[in-house]
Amino acid sequence: MPKHPSILELFNDKPIGTNVLVKGWVRTFRNDQFITVTDGSTIKTLQIVIKKEEHDEEKLKKIQTGACISAKGLLEKSLGKGQDIELICEELVILGESDPNEFPIQMKRHTMEFLREKAHLRFRTNTFGSVFRIRHHLAFAVHKFFNDRGFFNLHSPIITGSDAEGAGEMFKVTTLDIQNPPRTENGEVDLSQDFFGKPTNLTVSGQLEAELAALALGKVYTFGPTFRAENSNTSRHLAEFWMIEPEVAFNDIFDNMDLAEEFLQFCIKYALENCREDLEFLQEREANEDKLKPVDDRQSMPLIQRLEFVTNNKFERITYSEAIDILLNSNHYKKKKFKFNVEWGIDLQSEHERYLVEKHFQKPVIITGYPAAIKAFYMRMNEDGKTVAAMDILVPGIGEIIGGSQREERLENLIAKCEQFNIPQDHLWWYLETRKFGTCEHAGFGLGFERLIMYVTGMQNIRDVIPFPRTPQNAEF
RNA sequence: UCCCUAGUAGCUCAGCUGGUUAGAGCACAUGACUGUUAAUCAUGGGGUCCCUGGUUCGAGUCCAGGCUGGGGAGCCA
């Protein structure tokens with residue numbers, strides 16, 4: 001048992017008439033009498049009532065926004081309207097002062113941009129408190145979903161020696177002195193003297209490793225940090241992000257779609273059931289922010305309604321070819337409103353995906369059967385010899401949230417693909433060997449955890465759903 | 001990396017076709033009030049107008065370059 005109850009516990013148990021000790025941070029101090037305190041356990045705040053005469057002036061002055069206090073007293077039914085319980089304070093201690101002239105977080109609206117520069121203190125705000133509580137619950141939901149279905153969590157390596165995954169630019173990992181690295185006779189950096197004796201990178205995906213495990217354990221999933229050294233400056237990309245990658249032996253692309261859809265709906269439902277108050281707060285926040293925006297940029301549905309819509313409706317499933325047809329037959333296309341051309345074989349542009357999801361279907365869409373040329377080497381070739389068993393799940397507002405495929409399990413096909421994509425086979429010998437020894441059909445997908453959090457919280461910028469975002473030119477904190 | 005856009009008080013912003021001493025709300029300080037809900041009322045302090053250079057009698061305002069933030073695109077999750 002903790003030495004003192006959290007505010008969440010006080011609201012749940014409501015031990016009215018008993019003596020309690022509370023610790024937390026001051027939000028406001030009104031009327032020289034009412035201290036609003038939060039301790040992070042819930043979005044709710046506890047009102048502490050003090051009698052001015054019982055405390056010396058110096059102490060009262062220190063009850064300021066951001067200060068840390070502890071209060072002991074009787075928990076009572078509140079006389080005021082804003083809350084049902086309050087603490088009648090008998091003993092008040094200032095644990096940590098907070099000079100209001102320096103503390104940057106005020107009880108008023110701050111911009112996300114400003115708070116991003118105060119990432120060490122932004123946890124103290126309602127918005128980030130809610131976001132990071134929801135982040136926790138979603139992480140827990142991920143593990144629960146897979147655990148309940150007999151999946152094993154696989155810890156794929158962070159440092160990887162393979163450089164052929166093709167998922168993007170990689171961060172190099174080295175212990176060599178970059179000012180003065182050892183050189184070979186012809187002047188090149190001698191990586192054989194590096195820590196691992198070869199070039200190594202931070203992982204861009206745990207998928208290939210997950211496949212190895214799936215072909216033995218059956219159903220596995222990874223949930224860990226991944227890294228992309230792309231110079232991407234958007235509200236949807238991070239250099240360090242968390243990815244969830246299930247991989248299942250004996251699943252085909254249709255099983256894969258079912259799993260992905262069930263998984264997304266489970267996570268969203270879990271948040272709706274376990275984070276109600278935080279979601280209500282974020283919904284109100286979003287509505288207030290929307291008032292400042294032009295009508296066209298506003299959300300069509302309130303946050304919670306959007307989430308319920310996703311859990312209550314089947315995702316739309318179409319093939320890439322059907323998607324192209326829909327685009328070609330759209331008024332949007334006929335009025336030449338697309339910036340990029342539409343024809344079979346193109347990689348769908350953001351504007352195309354957005355049209356399909358936000359205008360045409362207005363719900364999550366799963367697109368399958370992409371042209372082989374625009375997808376990764378490991379995706380399974382379909383019978384037509386032109387398309388692969390790939391799938392992307394697109395959601396309104398975010399775009400691609402899941403990308404997956406049935407994997408190419410036929411050794412000769414995979415070797416042919418390696419040649420086409422200029423991937424040296426000796427870099428992937430271990431991957432290819434799984435196709436040599438007891439290969440079987442299998443499938444999996446990757447979900448960007450932060451994008452899921454964005455969708456659930458309604459936050460517009462991915463930098464605001466991870467505690468300390470890493471983006472090009474920015475690794476403060 | 002490309003395109004667009006912004007940078008004025010601690011925060012959020014206003015500042016017109018260049019023209020006296022650069023404004024408001026919030027925050028802060030002091031006082032009043034005391035069952036408040038981001039309390040209220042009064043008074044007060046607070047500025048490298050992002051930086052560098054230029055045009056001009058005169059630049060927060062115009063021009064050029066740079067820095068930083070934001071939006072969009074590409075890459076992707």
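Note that the structure is predicted; figures quoted are calculated from it, not measured. Chain letters run A, B, ... following the sequence lines, proteins first, then strands; residues in each count from 1.
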Is any N or O donor-acceptor pair between the side chain of A/H237 and the base of B/C76 shorter than 3.5 Å?
-> yes
Polar pair under 3.5 Å, donor/acceptor by atom type, side chain A/S232, base B/C76 = no
From CA spacing to verdict: salt bridge (charged side-chain N to carboxylate O under 4.0 Å, His left out), A/D464, A/R116 = CA-CA 7 Å; A/D464 299 327; A/R116 231 168 267 156; 2.7 Å; yes
Going by number, which of residues 350-366 of chain A have a non-hydrogen atom under 4.0 Å from RNA chain B?
-> A/S350
Close residues, residues 120-142 of chain A, relative to RNA chain B [heavy-atom separation under 4.0 Å] | none
Could you check whether the rings of [X] and [Y] sit parallel, tilted or perpendicular, using 30° and 60° as the cut-offs?
X      : Y      : value
A/F171 : A/F227 : perpendicular
A/F123 : A/F468 : perpendicular
A/F223 : A/H143 : tilted

Ignoring the backbone of A/H110, work out which of B/A73, B/G69, B/C11 is nearest its side chain.
-> B/C11
For the side chain of A/Q106, starting at C-beta, report the closest nucleotide among B/G69, B/G10, B/G74.
-> B/G10
Does [X] place a side-chain N or O at less than 4.0 Å from the phosphate oxygens OP1/OP2 of [N]?
X      : N     : value
A/R116 : B/G70 : yes
A/S235 : B/G72 : yes
A/Q460 : B/G72 : no
A/R463 : B/G70 : yes
A/N233 : B/G70 : no
A/N101 : B/G10 : no

Mind checking [X] for me? I need base, sugar-phosphate or nothing, with any heavy atom below 4.0 Å counting as a touch.
X      : value
A/E400 : sugar-phosphate
A/I105 : nothing
A/I402 : sugar-phosphate
A/K61  : sugar-phosphate
A/P104 : nothing

Just one of A/R135, A/R463, A/R236 clears the salt bridge (Lys or Arg N to Asp or Glu O under 4.0 Å) bar with A/E450, so which one?
-> A/R135
Please name the nucleotide paired to [N] by Watson-Crick or G-U wobble geometry with both distances under 3.5 Å, or report none.
N     : answer
B/C28 : B/G44
B/U61 : none
B/U56 : none
B/G74 : none
B/A6  : B/U68

Measuring only the [atom1] atom in each nucleotide, how far is [N] from [M]? A whole number of Å is fine.
N     : M     : atom1 : result
B/G15 : B/U20 : C1'   : 16 Å
B/U36 : B/G10 : C1'   : 26 Å
B/C16 : B/G69 : C1'   : 27 Å
B/U8  : B/G25 : C1'   : 15 Å
B/C75 : B/A59 : P     : 48 Å
B/A38 : B/C50 : P     : 34 Å
B/A22 : B/U48 : P     : 13 Å
B/G66 : B/A14 : P     : 26 Å

Could you check if a side-chain atom of A/I366 sits within less than 4.5 angstrom of a side-chain atom of A/I318, using non-hydrogen atoms only?
-> no
Do A/R380 and A/E408 come close enough that some side-chain heavy atom pair is under 4.5 Å?
-> yes
Please report the closest heavy-atom contact between A/L356 and A/I367, naming both atoms and the distance.
-> CD1-CD1, 4.0 Å
Check the side chains of [Y] and [X] for a donor-acceptor pair under 3.5 angstrom, ignoring hydrogens and angles.
X      : Y      : answer
A/E245 : A/Y221 : no
A/N231 : A/N233 : yes
A/S130 : A/D278 : yes

Between [atom2] of [N] and [atom1] of [X], the distance in whole Å:
X      : N     : atom1 : atom2 : value
A/E117 : B/C50 : CD    : P     : 15 Å
A/E230 : B/C2  : CD    : C1'   : 15 Å
A/K339 : B/G72 : NZ    : C1'   : 8 Å

By side-chain contact (heavy atoms from CB on, under 4.5 Å), which residues pair with A/N31, not counting sequence neighbours?
-> A/Q33, A/F34
Of A/Q64 and A/F103, whose nearest nucleotide on RNA chain B comes first from the 5' end?
-> A/F103
With sequence neighbours excluded, tell me which residues meet salt bridge (Lys or Arg N to Asp or Glu O under 4.0 Å) with A/E86.
-> none
Decide if the gap between the ring center of A/F449 and the ring center of A/F241 is smaller than 6.0 angstrom.
-> no
Taking distance alone, no hydrogens or angles, what donor-acceptor pairs closer than 3.5 Å link side-chain atoms of residues 336-345 of chain A to residues at least two apart or in another chain?
unit_1: A/W344; atom_1: NE1; unit_2: A/S321; atom_2: OG; d: 2.8

Go along nucleotides 34-42 of chain B 5' to 3' and tag each nucleotide: B for a protein heavy atom under 4.0 Å from its base, S when only backbone or sugar atoms are that close, - otherwise.
-> BBBBBB---
